[in-house]
Structures are given as structure tokens and as C-alpha cells.
Chemist: 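Can you keep this structure in mind? I'll have questions shortly.
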Amino acid sequence: MQAQELISRSRPYRWMLALTVFLSLLGALASLAIPWFAARLLGGLLERGTSLAPVAGLLVTALFIQTIIAITNALVSGSVSARVLADFRGEIHAHLQRLPLGFHDQSDRGDLLSLMAWDASRLSTFISHWLASAISSIFLACGSLAVLFSIDFRLALVMPFLFALFFMGQKLVGRKLRSISAKVREAEVNVIATAQQTLEMLPATKAFAREQLQDQKYAQNLEASRNQNVRQSKILAYLGPANQLLIAIAVIVTLLLVSRGSATQSLSATDLFGFLLYAALLSRPIGLLANLFGELNGARGSLERLLEVLKENPEPGYNAPSRLDTCRGIISFCDVWFGYPGRQETLCGANLEIKSGEIVALTGDNGSGKTTLAQLLLGFYSPQRGTIRLDGLDIEQIQVQDLRRLIGYVPQQTLLFNASVRDNIGWGAERPDEQRLMRAARLSQALEFIESLPEGFDTVIGEHGVRLSGGQRQRLALARALLNDPPILILDEATSMYDLDGEAAFVEACQTALVGRTVLLITHRPASLELADRQVHLQQGKLEKLS
Ligand SMILES: Nc1ncnc2c1ncn2[C@@H]1O[C@H](COP(=O)(O)OP(=O)(O)OP(=O)(O)O)[C@@H](O)[C@H]1O
């Protein structure tokens, strides 16, 4: 199954891979020619009769050709590997973005990062050279065997037994190698996850003086990863050389045994050298195949994990039948039930009708489900029972990107990235223009502070907007949501960090800006509550009318 998958994943690169196979075969041919000329050179040295210059010239030419082929091959397979890596990463990245939030809630960020960084790299290296290595190694082994048999049939008879021994050995270590490879991956995932956590938690780590604890945690993960890597490299370290040693001993023993009979007496010095050199050459593809086998076990683990993630279904909303460019903004929650996996139900038959252009404030205790309700409207999660409608259409029937384009969403936690203010606000629209950008910034009460920044709209704000205050970050998030002029707005505690003046100015500006939009306002702030046409309260999974 995985072999098939590996082959089918190699298919898009078949021409480049065919070129590496061709070059590897040429390289193998040159490798086969070298002992031939070398044996003649050594035999000639002993027999001292003939001129050695032509054979020496041919040997040097063969060595040159082999070197040029090896360089070209490395360049081609390096470029295949880079392409496969980029393609894999692009595919995983696109897929992860389209998976439901429910998948990401349950996933380990370190595991997903490892998939893109580590597994993709291991797989791309393997795919870029496994075919060429396997075919050229088999060709080289068969070629060496053929020459050995042509030199002396009886002496060469021992070689096929060696092949049988080789494959039995691989079978024996294969299972062990696979299980260690899975453990190596697990340990690497933990290392990456801890490093990521350390960087994200840094302000808290410093505030609670927990640097040592994080160091210990990281050191433990490093130790586990080191142990597994050492276990794996021990097996790999033995695998190739042990096979080569096996061949070398077999050749020596064969020579000793047969030297007692008459066979070696009928061999010339050139044939004897030839036999030894080809036997030595035979050990190279055997070693290569053994290494390839080790890599295959690692690549299988990576492929397994990759396929596991790729087989997760994207949000069904991407393939929903209805397209929607615009809407009136009539929203209804009809008997909506929802619970997160393994948790008690958050919504138990929630009902809410919002008219077009109405501003509804949603209140409720912490954890009562206000954000959940908003995220259900955005299609982040699907209700287990009941329906949510927009303009009378079940939102599950609406193409999810259309749905989300119609809704401006300011989440409770501002999500900003390490780029300029302009890029962060402009991210909210497909083609942001300067005029709309200014309007959105003015409306969210962000313009004044943006203009006071060292480079105004071009100021880079750091990871998660770390170079701004909490309130400033929130203003940017709000500006981003307003940029697109969406007919529906969800403001989830969007002004919770505004100072009183800022909030009052925002509320003032909203008197006109929110006209004509349907707004779901999740807030407890009295000034913001004043904006609402009516209030509903979420309690025990149900919505109650307050005013
Ligand atoms: N991704 C999640 N996975 C599992 N449970 C979740 C998830 N998100 C929220 N919850 C749980 O669902 C419940 C409702 O959470 P929600 O964030 O909707 O509440 P809220 O009313 O918005 O709270 P707050 O006022 O504190 O923002 C809580 O008990 C919370 O622990």
C-alpha cells in the first residue's frame, strides 16, 4: 500500500527521475569498466611485457567520466529533491488550512510543524534518489556478478548465497528499524513542540521565572531524541559495513578454499585481480541497497503520518452548492445544539432571529457559549442538531468562503502577524486601497496612533503585534474587519481593551458606520451595549431576551 503510494507520489517527477536513473546507469557502467582496466593495469605490471600507457589512459578516462556523471547526477537529484520538498510542503500547507478547526483543536502544533519540516524533507530526499539508487545498485550488482561468473564460474558460485543472506538480514532488522524510526519521529516532534511553546510562552516564562523549568523540559526531550537517534544510527551504522564485510570475508574464504584445488592455477594474474576488484565492487551496491532499505523504513513512517493527515476531510463547506455574493443579513439560529468533542453540550436548543440591519448584543457568563455561537455562524464548527440560516438559506449549503467574506469577524484574541500595519489591516480584503484603509483605520479609532508610529502605516509590528499595546492591537483587528465593508459584523469583545474615550469615540463613529449592517455584538461594556437595538442573554445553552 505504502509502496504503491510512494510510486504514485513519485509519478509527477517521472521525467526528472528517469534522467537520474539514466545517469545512475551510466555511472554504474563506468564503475563496471574501472575494475576491468585496473585489473589489466595490475596484471600488466606483474607480467611486465606489454605497454601499459593505453590501458592507463583508458582507466583515467573511465574515472573522469564516472566523476562527471556523479556530479551531474547529484545536481539533478538535488533539484528533484528540492522540487519534491516544495511541492510536499505546499500540499500539506494548503490541506492544513482547509481542515476544520475541530481537527486543529485536537492536533499537536509540533506534530504538524514536524510534518512540514522534517517528514516532508525525509520523504523528498528518499523520492528523489530511491529509484535511481535501487536500479543502478541492482544493475551494478548484476554486472559485477556477470563478470565474476565469466572470470571463474566456480569461484563466483558463492555470491548468490550471499544475496540470500543479505535479504534475510534486512528482513530481520527491518521491523526493529521501523519501530525505532517511529520513536525517533515522536521524539523530534516533542523537541519541536517544546521549542515552539518556549518561544510562545516567553513573556509568561520570564514573569514567573520558569526559565529553568522550560530548560529542563527541553533537555528531557533532547535526551529522549538523542537516545532514539543513537539507537537508530547504531543499526544503520552496522547495516552497510556489515554487509560489505560479509562479502569481503566470503571472497577471501572462497579464494582460500579454491586455491587448494586447481581453479586458481588456471587463472592469470589479470583474472585474479579482476575477480578481487569485481568482488570488492559488488560490496558497494550491496551496501547502498542496505542503506536504501534503512531510509525506506524511515520514509515509510513519514509517509504514514503524511497520509494520515492528508486523508482528513477538509471542511465540507468548501464544496457546498450555493454561491453568495451579497446578502441582506437576516440570521436565524433554529433549535441549535452543539457540544465540543468529549465535553458537555454548550448550546442546548438555542433560538435567535436577527433582522437585517439589526444590532444585537449577546451577553452571558464566561464559558456560557457566546464565542461558540459566533463561530457556528462562521461555519467554524457544525451544530449537532438544528440549523443556522442566512437570508433563509441553511449556511451549510453556502460555499464557506462566500459565507465568511460576508461576515467581518473580530475575535476575542487579536490575530496579527509580523508585518506592517498596512499589511495587517489590508489582509482583510482581496484588493485593499488606500482610501478604504484610511476609512477603516479612522472608524476603528486606530488612525491617530498609527500616524504616531515611527513609520506610520509601514511600521512593522512584530510577532502577534508584540510591538503594540493590547488596545492598539484590538483597534487594528477591528480596522481589518471593517475594511471589507461586510454586511454582517461579529464583534467578540472587540473593544474590551479600549480606553473609555476610545470606546466612546468608537461608539460615536458606529452610530453611522454600523447603519445597514447586521451586527452581533458580544460585550459586557455598558457603552458598547448602548449601540445595540436589543440584548439577548445566553444561559445554560439557551438564549433569553433581555430588552
Ligand atoms: N475548542 C474548544 N474545544 C473544547 N471546548 C471548548 C473549545 N472552545 C470553547 N470550549 C468550551 O466551550 C464552552 C463555551 O466557550 P465559549 O468560548 O464559547 O464561551 P464564552 O461565552 O465566549 O466565554 P467568555 O465570556 O469567557 O469569552 C466553555 O466551557 C469552553 O471551555
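Atoms within each ligand, like the ligands themselves, are counted from 1 in listed order.
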Chemist: So is there a nitrogen or oxygen of His524 less than 3.5 Å from a nitrogen or oxygen in ligand 1?
Modeler: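 No, since none of the N or O atoms of His524 sits under 3.5 Å from an N or O of ligand 1.
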
Chemist: Nearest to atom 1 (N) of ligand 1, what protein heavy atom do you find, and at what distance?
Modeler: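 Protein heavy atom at minimum distance: Asp105 OD2, 3.0 Å.
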
Chemist: Of the listed options (Thr371, Leu376, Ile522), which comes nearest to atom 17 (O) of ligand 1 when hydrogens are ignored and any heavy atom counts?
Modeler: Thr371

Chemist: Quick one: nearest non-hydrogen protein atom to atom 26 (O) of ligand 1, plus distance?
Modeler: Asn366 ND2, 3.1 Å

Chemist: What do you reckon, does Glu493 have a nitrogen or oxygen under 3.5 Å from a nitrogen or oxygen of ligand 1?
Modeler: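 No, since none of the N or O atoms of Glu493 sits under 3.5 Å from an N or O of ligand 1.
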
Chemist: Under 4.0 Å from a heavy atom of Thr372: give me the atoms of ligand 1 that qualify, with their elements.
Modeler: 14 (C), 15 (O), 16 (P), 18 (O)

Chemist: Should one rank Arg343, Lys370, Gln106 by closest heavy-atom distance to atom 31 (O) of ligand 1, which comes out on top?
Modeler: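 Among Arg343, Lys370, Gln106, the closest heavy atom to atom 31 (O) of ligand 1 belongs to Arg343.
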
Chemist: Check contact between Asp365 and ligand 1, using heavy atoms of the residue and a distance below 4.0 angstrom.
Modeler: yes

Chemist: Going by distance alone, is a donor N or O of one side chain under 3.5 Å from an acceptor N or O of the other, for Glu188 and Ser225?
Modeler: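 Note: Glu188 and Ser225 side chains meet the donor-acceptor criterion.
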
Chemist: Do the side chains of Glu493 and Lys370 get close enough for a salt bridge, i.e. N-O under 4.0 angstrom?
Modeler: no

Chemist: What protein heavy atom is closest to atom 27 (O) of ligand 1, reported as residue, atom name and distance in Å?
Modeler: Gln412 NE2, 2.8 Å

Chemist: Under 4.0 Å between a Lys/Arg side-chain N and an Asp/Glu carboxylate O for Asp119 and Arg185?
Modeler: yes

Chemist: Between Arg480 and Asn424, do the side chains contain an N or O donor and an N or O acceptor separated by less than 3.5 Å?
Modeler: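 Judged by distance alone, the side chains do pair up.
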
Chemist: What atoms of ligand 1 come within less than 4.0 Å of a heavy atom belonging to Ser368?
Modeler: 19 (O), 21 (O)

Chemist: Does a donor on one side chain and an acceptor on the other come within less than 3.5 Å for Ser420 and Asp458?
Modeler: no

Chemist: Rounded at 0.5 Å granularity, tell me how far CD in Gln397 sits from CZ in Arg323.
Modeler: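 CZ of Arg323 is found 14.5 Å from CD of Gln397.
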
Chemist: Is Phe380 in contact with ligand 1, taking contact as a heavy-atom separation below 4.0 Å?
Modeler: no

Chemist: To which of Gly367, Gly364, Gly342 does the heavy atom nearest atom 14 (C) of ligand 1 belong?
Modeler: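 Ranked by closest heavy atom to atom 14 (C) of ligand 1, first place is Gly367.
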
Chemist: For atom 10 (N) of ligand 1, what's the nearest protein heavy atom and its distance?
Modeler: Tyr340 CE1, 3.3 Å

Chemist: Under a 3.5 Å cutoff, is there a donor and acceptor pairing between the side chains of Asn221 and Thr194?
Modeler: yes

Chemist: Is any NZ, NE, NH1 or NH2 atom of the basic residue among Arg525 and Asp499 found under 4.0 Å from an Asp or Glu carboxylate oxygen of the other?
Modeler: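 Looking at Arg525 and Asp499, the cut-off is not met.
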
Chemist: Could you pull out every donor-acceptor pair under 3.5 Å between side chains of residues 326-342 and any protein atom, sequence neighbours left out?
Modeler:
from	atom 1	to	atom 2	distance (Å)
Asp335	OD1	Trp337	NE1	3.0
Tyr340	OH	Thr372	OG1	2.9

Chemist: Against heavy atoms of Tyr381, which atoms of ligand 1 measure under 4.0 Å?
Modeler: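 Those atoms are 1 (N).
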
